[in-house]
Every structure is written in structure tokens, then in C-alpha cells.
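What follows is one structure encoded as C-alpha cells, with my remarks underneath.
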Amino acid sequence: MAGSSENKSNESKIGNAPEEIGGLLGWINARLPVVQAFEKHMSKYYAPKNFNVWYIFGILAMVVLVNQIFTGIWLTMNFNTSSEGAFASVEYIMRDVDFGWILRYMHSTGASAFFIVVYLHMFRGLMYGSYQKPRELIWIFGMAIYLVLMAEGFMGYVLPWGQMSYWGANVIVSLFGAIPVIGQDLMTWIQGDFLISGATLNRFFALHVVALPLVLLLLVVLHILALHEVGSNNPDGIEIKKLKDANGIPLDGIPFHPYYTTHDLLGVVVFLFVFCFVLFFMPEMGGYFLEHANFEEANNLKTPEHIAPVWYFTPFYSMLRAVTYPLFGFDAKMWGAIVMGLAIAVLFVVPWLDRSPVKSMRYKGWYSRISLLLFVAAFIILGVLGTRIATGPRTALAQICTVYYFVFFLAMPWYTRKEATTTPPARVTGRFITVPQLALALALVVGLTWLPLTAVGAESDAGLEPFSVNLHDKAGLQAGASTFINYCMGCHSARFSRYQRVANDLDIPEDVMKDLLLLNPSANLGDLMESALPKETAKNWFGAAPPDLTLVARVRGSAWLYGYLKGFYRDPSRPFGVNNTVFNNVGMPNILEHLQGDQVCADKTCTHLNKVEGTGKLSEAEFDKVATDLVNFLTYLGEPARLHRETIGAYVLFFLAFLFVFAFMLNREYWKDIH
């Protein structure tokens, strides 16, 4: 009877739950425990009260993950998965889809931001021992997330089907071909063809947008569930669950909501400010977030001068290239792939390599501190070297850093046991790194990375004349458009741009555009800017069709184009009688020669050129204006939304600065009584 009475009591409580909570939420909660889940993971999840800035990166990773999912969904709506249409569809998104450019930049910037916050999140784990007992499973899930994220990043990097996408995929996929016996068959299976082709692109697209995101989301959920089961670590490495009050609440814990939700809101706003600054004002990030070579459509007959993966893979790419000797019957390429794989695999066993009696670097000895400092420097050096052409000294430095990368982990059982440690306090502390300590740490990292990289040589500078882009000069852009259409489009296309867009952006009247700037009388303003010279005819005349110039400014750079246009000089040894100071052994004539005139070398190296008197329709100053206007137009043509992007960016940053004030005041209000 007692059991029956208890069951009735429980049923009564369940039946009253909707009324107790009230309304729709109560009805839902009686059928799906959303309130209990919210309490367990937010309002009654007690986190250490001494979290510092290093603990924001987990939340930021969640923010970027949401950004990647939603922008990715919208991008797939206009993406063409064929090798013939992939590159053009990306340009269609950038030019013809309303605000498509912002979606693409949010996704490309988000990819790099994802790896930045994940690398910093992993560094925090190494610094504060967040992998030690009882958090081993949290760390393993985190490393699995990192591994899937690398695969996701690689698949996504291939999709734009630019030169670096294609050739980067060739390099990575060919690593599987180095595996003995099954390598070639495995490589063919991965590619879906005997070469990287449309079949490869199609299956990478499926993996990137369906399979890998599902695995990633599952791992993120498991990572969070495991974290909330054992509780968060803290900068002191103290288990706050050991000291509780009479109600079972940790003495050094506070509810995650509302304290850390408001606290994290402040960090998210700061992150969004930086993120949006990059997105709106420097989305290419100097060629690291969006590589210049990737603005050129994939061509399996044209190998880039320097093939390198996107920046977040370059440390491991350096390790791959650092292995230059065959061993035990395996070639260097095979051993490089093994080293690269082991560099990731060793991360999974860190919880069992660290034998220190304390968790946090605050209380570890100097062996651990110096080792971690050198590890950070070595990892950064490997990342930088991976973006550069391999030379003897650079390969030697990469080998040293690769060896140290493994020494840091494999020697951990020894130096974490041998070093003298400090006893952590019984309660969490609010200590922070001092400004002098922070300055010293940064100076050491900069010195340890900059000095070795300087010693092995910097990249050579092309010595181009500086060029200042001016997209506000509508008259100059109109003149540049006229020069481009009348002189360049006889051979070159701008097939990703439309006449109508150019007319609208540059305030060219439609009747003027139709009458004076459409080479083909039957063409419409909505047509793409195709060359009047058929491809097959161009191949017969020149041996190869002249390249499309829509994105040439993004591939080459405005300064290069300016130097190229002004750099033609007489050279009887060349087929067209001219050469170029910027593009040596150029294979095209100087189409602006009758405007510019002839030039001859003023010295043996042709560093300086002299104009031949009596040649050329224009003076040097007048021709300089023509070249400047043409380069400005080609720069505009590469990214028509650039001015619009920067204008919107200014408003977005102003809004975020305004939001920061409110987030700061809200955070201060909640935290004013927390000590």
C-alpha cells in the first residue's frame, strides 16, 4: 500500500508540473524535460568563480560553429558541385546573389577563426592541465573534435575549386598513395577517379556539408556532457567539488547562468568586433585566410609556383616536408605522412604522459614552463615555414622544430616527475598574470620565433613600385572601364562580371554602355563580359587562350599590375619584340604601345627604363593616368562589393562598440558581489 501511495504522489507531481511552471513551457516540460536540462547545464551548473580570459575560447568555438553551419547552408543553395561550375558558382555568389559576398566572407573568415579559437582552447588545456584525472575523456573528445575539424576544413578548402584548392588536394590525397601495397588503390578510391576531378569534388562536398558536420555536432555534445558531468577545471587546478556548503553547493562555485552567460556575452562581443573588422576590412588577411592563388580557377595543366595548404594546416605540412630521408625501405614521403599522423595521434595520449602531481602551470616547475614556451615557439615556426618555399636552412629548422614537438610530449613523463612543484592552495585564488609577466612572456615567444625565422631567410621582395588603390574616383574608374573594354577585351574576358553591374556601380548611363562599350552589337547589358575572341581561335593564335581578367588584381595584386603595364621594353629576342620587367619573358605584345611608346633598358638589369623619343601618343604623366585608371578598374572588377563592404563594416563596428558598453555594464552588475 505504501508503494501504491508513493506512485500516486509521483504521478500527482508530474501531472501538476505544467501548472507549476505555467503555460506552454509547463506543457512541454511535462513531455520533454527542458527545464531540468537548463538547470543541470546552466542555472544549477556550478563553475569555478576564478575563470580568466583563457576560458572564453570554448564558448567562442560554439559561436563560430553556429556561424559555419548557418552560412554553409545558405552557400550550398547556390553552389555548383561540378568541376566545370564550382569556381563560377562561388563568383556568382560573390557578385549576383544579394549579400552573397557577406555569407562567403563570414564562412571563410569563420573557418580561420574556428582554428584560432580551437588552438587557443587547446593551449589553455595544456597550460592548466585540463586533461588530467578526471577529465581524460573530455580531452579525448576535444582531440576528436580537432581531428574532424581538420577533415572538415580540408574538404571545404577544396570546394571553391581554385588553383590552391586543386593542387593542395593533390598533395594531401597523394599521401595515401605512399602507403605500401594498397596506396594507389586507396588513393583512387578517395578521389573517385584516377585524378582529382569532379567526382572528387562531389564526394568532398557531401562529406563537408552532411557527414562530417553530423559527427562534429555529436562530438561537441559529448564533449559538453562529459565536461558537465565531472565539472570544469580552473586556473588553479583545484577541484571545487571537494568543498561544499550545507546545501551541497561548492564554496568556490557560482551558477553558470546568469554569471558566466553575462560574462561570456562580453567576450563574445569583443570577439565579434575583431571578427567583423577582419570580415569587412581585410577578409583575405594578406592571403592567409583567402589565398591569392585561389582566385584563379583550377587548372590541372598549370602548377602553382609554391603549393601550400591553408595556414591552419601548415605546422603539420612543415613536418611532412621536414622528412627528407628514406628509411627501412619506405620513401621520405611515406615517413613524412607517418610523422604528420603521429603528431596528431600523440595529442590523444597527453593525459597519460603528464605525471605531475599538480594540474596548473601556476604550480608546476620550470621544466614544464620552459618546455611549454619552447613548444609554442616551435609550433608557430612550423606554421610560418609551411607557408614558405622550402630551402635547405628552412628544412633544417623545420626538422629541429619537428623533433622538439615530439620531445615535448614524449619526455613529459620524465620532466613532469622530476621537477619541483608548488603546493596548490586549498581554495581558488583570483590571481592574474601581471603586466610585466605578460610582457616578458610575449617578448620571449616573439624572440624565440622571430630570430630563427630571420636566420633562415625571409621571402624575397619583388621590389614593386607602391600603388594606392582609389575606388572612390568614379571618373577614373569609368576611364579604366573604357580602356579595358576597348584594349583588353579583344583577347581577354572578364566572364564572371556583367556589363549591367559595371554600369550601375560606376554610374555609366545604360545608353552609353550599349552604344560605346558593348563590343558585340547583339549583346545585352545583363550578359557576362566575354571576349570577342573565341577560345579555339585564341589557342590557334597564341598556343593558349589568354587568361580571364576578372580576378587578376586579386591573384597578382594591384602593384604588380601597375608595374606590369608600365614595364614593357624592347627585346628583339622575344616573339613580339618586347619583354617586361615584372613578368620576365612575357608572351604577349604591349597592347598600349601606341599610347605609351617604346621603352629601352637604361642599365644591364633593366631596373630602369627610358622612353624612346618620338614614340607614343601620350606623355609619361598621361600614360601613368591611363595605367592607374585601368588598374583601379581591374581592382574594382575583382571585388565589386568592396566599397559597400567597408561602408557596412563601419556601421557594424559602431553597433558592436555600442553593444559592448551595455554588455560591460550588465556583466559588472551581476559580478559586483562576487569575490
Side-chain angles (χ1 to χ4, degrees), residues 462-494 497 502 506-508 512 516-517 519 529 531-533 542 546-638:
L464 296 171
E465 185 178 347
F467 181 83
S468 180
V469 175
N470 181 9
L471 300 181
H472 295 278
D473 180 11
K474 286 290 179 69
L477 289 171
Q478 291 171 359
S482 177
T483 302
F484 175 77
I485 293 172
N486 286 302
Y487 286 91
C488 303
M489 281 193 65
C491 297
H492 298 275
S493 290
S497 187
V502 172
L506 305 188
D507 296 334
I508 301 174
V512 173
L516 301 179
L517 297 178
L519 297 182
M529 299 175 66
S531 170
L533 181 66
F542 305 115
D548 183 87
L549 297 184
T550 315
L551 294 159
V552 67
R554 305 195 80 172
V555 176
R556 296 289 192 175
S558 300
W560 188 94
L561 286 175
Y562 180 69
Y564 175 76
L565 290 172
K566 297 184 66 178
F568 281 95
Y569 64 91
R570 285 181 180 175
D571 183 353
S573 66
R574 301 299 301 153
F576 292 102
V578 291
N579 212 328
N580 195 280
T581 56
V582 173
F583 193 178
N584 193 34
N585 293 332
V586 64
M588 66 169 280
N590 181 8
I591 58 169
L592 301 177
E593 183 179 1
H594 80 284
L595 298 178
Q596 181 187 24
D598 289 335
Q599 296 189 118
V600 293
C601 295
D603 50 44
K604 290 183 179 180
T605 59
C606 286
T607 306
H608 302 286
L609 303 177
N610 290 331
K611 182 178 178 180
V612 178
E613 290 295 333
T615 62
K617 183 179 177 181
L618 303 178
S619 67
E620 289 189 30
E622 289 171 334
F623 181 77
D624 184 75
K625 181 66 168 63
V626 170
T628 299
D629 291 342
L630 179 54
V631 172
N632 275 324
F633 174 75
L634 288 170
T635 304
Y636 150 78
L637 204 63

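The first residue in the sequence is number 1, and the count goes up from there. Here the structure is a predicted model, which means the values were calculated and not measured. Heavy atoms only: backbone and side chains are in, while hydrogens, waters and symmetry mates are out.
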**OP:** Inspect the surroundings of NZ in Lys617 and state if more than 12 heavy atoms from other residues, nucleotides or ligands are less than 6.0 Å away.
**Re:** no

Original post:
CG of Asp548 to CE of Met529: how many Å apart, nearest 0.5 Å?
Top reply: 10.0 Å

Subject >> Cys606 side, atom SG; Asp603 side, atom CG - distance, nearest 0.5 Å >> reply: 6.5 Å

**OP:** Please name the pair of heavy atoms, one in Leu565 and one in Phe568, separated by the smallest distance, quoted to 0.1 Å.
**Re:** O-CD1, 4.0 Å

Original post:
Does CD in Glu620 sit with more than 12 non-hydrogen atoms of other residues, nucleotides or ligands closer than 6.0 Å?
Top reply: no

Subject >> Asn610 side-chain N/O to Ala602 backbone N/O, donor-acceptor pair under 3.5 Å >> reply: no

**OP:** Might you work through the side chain to side chain contact (heavy atoms under 4.5 Å, CB included) test for Cys601 and Leu609, ending with a clear yes or no?
**Re:** CA-CA 5 Å; Cys601 295; Leu609 303 177; 4.3 Å; yes

Original post:
Taking all non-hydrogen atoms of both residues, which atom of Ser497 and which atom of Val502 are closest, and how far apart?
Top reply: OG-CG2, 3.9 Å

Subject >> Leu506 versus Gln478, closest heavy-atom pair with distance >> reply: O-NE2, 2.7 Å

Original post:
Taking Ser558 as the fixed residue, which of Asn632, Thr635, Thr628 is the one that meets the side-chain hydrogen bond (donor to acceptor under 3.5 Å, both in side chains) rule?
Top reply: Thr635

**OP:** Measure up the Phe633 and Tyr636 rings against each other and bin them: parallel (under 30°), tilted (30 to 60°), perpendicular (over 60°).
**Re:** tilted

**OP:** Can you see which heavy atom on Lys566 is nearest to which on Gln599, and at what distance?
**Re:** O-NE2, 3.0 Å

Original post:
How far does CD of Gln596 sit from CG of Leu618, to the nearest 0.5 angstrom?
Top reply: 9.5 Å

Original post:
Got a second to check how far Phe583's CZ is from Arg556's CZ, nearest 0.5 Å?
Top reply: 5.0 Å

Subject >> Heavy-atom pair with the smallest gap, counting every atom of Gly490 and Ser531 >> reply: O-OG, 3.5 Å

**OP:** Determine the minimum heavy-atom distance between Leu592 and Thr483, stating which atoms define it.
**Re:** CD2-CG2, 4.5 Å

Original post:
What is the distance from atom CG of Leu551 to atom CG of Leu637, rounded to the nearest 0.5 Å?
Top reply: 8.0 Å

Original post:
What is the distance from atom CG of Leu477 to atom CG of Leu630, rounded to the nearest 0.5 Å?
Top reply: 11.0 Å

Subject >> From Asp629, Leu516, Leu517, residue fulfilling side chain to side chain contact (heavy atoms under 4.5 Å, CB included) relative to Ser482 >> reply: Leu517

Original post:
Do Arg570 side-chain atoms and Gly577 backbone N/O form a donor-acceptor pair below 3.5 Å?
Top reply: no

